[in-house]
Amino acid sequence: MRAVRLTVTAATTVAALTALSACTAKSDAKDGDAVRVTAADSRCDTSTASVPAGQVTLKIENTGSKATEVEILFPDDRIVSEKENIGPGTKYTLTAEVKAGAYEIACRPGMKGHGVRQKLTVTGGGGTARRDPALDRAVAEYRQYAQDQADATLPLVEAFVKAVKAGDVDAAKKAYAPSRLGWERTEPVAESFGDIDPKVDIRKPDLEPGQKWTGWHRLEQALWEKKTAGDEEKALAGRLLTDLKDWQKRVGKAEITPTSMANGAKELLDEVAKGKVTGEEEFYSHTDLVDFKGNVEGAQKAYELLKPVAAKNDPALAKELDKQFAALDTLLDKYRPDKGSYGFVSYDKVGGEQRKELSDAVNALAEPLSELAATVVK
């Protein structure tokens, strides 16, 4: 789940206001081949406004007082690559692959709104070089995986929506968590479109002023807190299905590269750390462990497809990732009485020490996973 962006009209206004005072390009100041990005509460300074096509590395430092998100964007706001939740005073290295063309680097203080943006021109050939054909196969297989997950999600969402429209609260509750699994497994691909995620997966605390709350979590609140599925909820359920059909149609057109797969796997672990482990994601239903498992499965799928190249380039890293994925899977199984299903225990029954154990396992996996993108494009 990502925080919503402003509408295109509002975004244009913000961009015009901030471009003069906040986005500063320093075209001569390069740190080796990397683009240095200094993010602050109202600034987004980059060390260059132009890079050659191929692999690009952002060396990000957040000097502001708020957590920020840094993205490489196409002109239509589709995401090439991103890193969310970069805390104040922290640094992060983001590796991506870009073709020749016009892009933007966006810093989003507080991880909300249009953000402060800087133009980035990518020069040279129209494509990016591949050193190993296995990477092309990995991309093709992951694209099919994302499409398969979307295709499998729609019938589950239809069952959920049918229960809501029938006013059957108990049936809707049972259908809720399974309907979210395909989304959770491939969330970075879904988020890359920019406009779908805020419609279907936004939480109440992340709403922008004046934004209407729609999607799964609005219905979750009604079912668990209000214990109702009234006329408004029935209409929202229909809208959810419509928005997810849009997602299903667009998944096959997503921009996917080996580095976006690797970065997406890391983002899925970050999603677990900031929302699922804390219990914030499924605040009303407490089905966080189902989402948790979906995120981990999606990250593991991306890694497994990239593993032949990762293991060749850095055998020690691949061995460590195998170890940490296995450890986290084993730990999660402790909270699933029926190992053949997604019947996880309610997360409000998981105590503080147990949550810390889960958090430690996520962090132990996230650290080596952050090295995967740079490893597969060596």
Side-chain angles (χ1 to χ4, degrees), residues 1 84-85 145 149 152-153 156-157 159-160 163 169-188 190 200-201 203-205 215-217 219-221 223-225 227 264-304 320-370:
M1 179 280 306
E84 298 179 359
N85 205 33
Y145 171 74
Q149 290 301 311
T153 293
L156 298 173
V157 174
F160 173 61
V169 172
D170 289 339
K173 284 182 174 181
K174 290 178 182 177
Y176 172 76
S179 77
R180 291 177 47 73
L181 263 173
W183 176 275
E184 292 294 333
R185 288 171 178 144
T186 59
E187 195 164 3
V200 305
D201 197 33
R203 295 168 50 247
K204 188 175 183 179
W216 270 302
H217 295 303
L219 293 167
E220 177 201 8
Q221 181 201 41
L223 294 170
W224 271 269
E225 183 177 71
K227 298 179 174 58
K266 175 60 166 57
E267 284 297 320
L268 284 170
L269 266 291
D270 291 345
E271 284 281 331
V272 171
K274 73 180 183 182
K276 279 69 172 183
V277 167
T278 62
E280 297 172 28
E281 180 77 2
E282 305 291 355
F283 183 80
Y284 306 99
S285 65
H286 306 299
T287 56
D288 303 86
L289 286 173
V290 180
D291 290 0
F292 191 138
K293 181 65 173 177
N295 286 159
V296 173
E297 286 181 337
Q300 191 162 8
K301 180 65 175 182
Y303 162 62
E304 287 174 349
E320 181 66 14
L321 286 170
D322 287 341
K323 173 185 172 183
Q324 296 302 338
F325 268 117
L328 184 53
D329 286 339
T330 298
L331 182 58
L332 277 172
D333 277 345
K334 290 172 55 178
Y335 301 97
R336 185 169 55 167
D338 181 358
K339 301 302 187 291
S341 73
Y342 281 92
F344 286 93
V345 301
S346 181
Y347 200 58
D348 58 339
K349 307 300 182 185
V350 179
E353 290 187 7
Q354 294 169 309
R355 293 189 183 197
K356 183 179 185 305
E357 184 181 26
L358 286 165
S359 178
D360 289 344
V362 170
N363 291 335
L365 172 58
E367 184 175 354
L369 197 58
S370 68

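Throughout, numbering of the chain's residues begins at 1 and tracks the sequence.
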Next on the checklist: I need the single residue from His286, Arg203, Lys274, Arg180 that forms a side chain to side chain donor-acceptor pair (under 3.5 Å) with Glu281. Which is it?
Outcome noted: Arg180
Checklist entry - Does any non-hydrogen side-chain atom of Glu271 lie less than 4.5 Å from one of Glu84? => result yes
Next on the checklist: I want to check something: taking the side chain as every heavy atom from C-beta on, are Leu289 and Val350 in contact at a cut-off of under 4.5 Å?
Outcome noted: yes
Checklist entry - Looking at Gly275 and Asp288, what are the two nearest heavy atoms and their distance? => result O-OD2, 4.2 Å
Checklist entry - Any side-chain heavy atom of Phe292 sitting closer than 4.5 Å to one from Val362? => result yes
Item to check | From CD (Glu220) to OG1 (Thr287), nearest 0.5 Å | outcome: 6.0 Å
Item to check | Nearest-0.5 Å distance, CD of residue Glu267 to CG of residue Leu369 | outcome: 10.5 Å
Checklist entry - Does a salt bridge link Lys276 with Glu184, judged by any charged N lying under 4.0 Å from a carboxylate O? => result yes
Next on the checklist: Between the side chains of Asp170 and Lys174, is the shortest nitrogen-to-carboxylate-oxygen separation below 4.0 Å, so that they form an ion pair?
Outcome noted: no
Next on the checklist: Measuring only between side-chain heavy atoms, which start at C-beta, is Val290 closer than 4.5 Å to Lys293?
Outcome noted: no
Checklist entry - Just how far is it from atom OH of Tyr284 to atom CG of Leu223, taken to the nearest 0.5 Å? => result 12.0 Å
Next on the checklist: I want to check something: taking the side chain as every heavy atom from C-beta on, are Tyr347 and Leu358 in contact at a cut-off of under 4.5 Å?
Outcome noted: yes
Item to check | Taking every non-hydrogen atom, the tightest pair across Thr153 and Ser179 | outcome: CG2-O, 3.5 Å
Next on the checklist: Quick one, Phe283 with Lys204, criterion side-chain contact (heavy atoms from CB on, under 4.5 Å). Give me CA distance, side-chain angles, the key distance, then yes/no.
Outcome noted: CA-CA 10 Å; Phe283 183 80; Lys204 188 175 183 179; over 6 Å; no
Checklist entry - Does some side-chain heavy atom of Arg185 sit less than 4.5 Å from a side-chain heavy atom of Leu181? => result yes
Checklist entry - When rounded to the nearest 0.5 angstrom, what is the spacing between CD in Glu320 and CG in Leu365? => result 9.0 Å
Item to check | Heavy-atom closest contact (Tyr303 atom, Phe325 atom, distance) | outcome: CD2-CE1, 3.7 Å
Item to check | Heavy-atom closest contact (Leu268 atom, Pro188 atom, distance) | outcome: CD2-CD, 3.5 Å
Item to check | Check: Gln149 and Glu297 side chains under 4.5 Å, non-hydrogen atoms | outcome: no
Item to check | Test applied, side chain to side chain contact (heavy atoms under 4.5 Å, CB included); reference residue, Ser359; option that passes from Thr278, Val277, Val272 | outcome: Val277
Checklist outcome for this item: In terms of heavy-atom contacts, Ala366 and Lys266 come closest through O-CE, 3.3 Å
Checklist entry - Checking Lys227 side chain against Trp224 main chain: does a donor-acceptor pair fall under 3.5 Å? => result yes
Next on the checklist: For a side-chain contact (heavy atoms from CB on, under 4.5 Å) check, start with the C-alpha distance between Tyr335 and Gln354, then their side-chain angles and the critical distance, and finish with the verdict.
Outcome noted: CA-CA 10 Å; Tyr335 301 97; Gln354 294 169 309; 3.3 Å; yes
Item to check | Test item: Trp216 and Val157 side chains (from C-beta on) under 4.5 Å apart, heavy atoms | outcome: yes
Item to check | Closest approach of Leu331 to Ala361 (non-hydrogen atoms, all atoms of both residues) | outcome: CD2-CB, 3.7 Å
Checklist entry - Counting only heavy atoms not in Glu367, do more than 12 fall under 6.0 Å of its CD? => result no
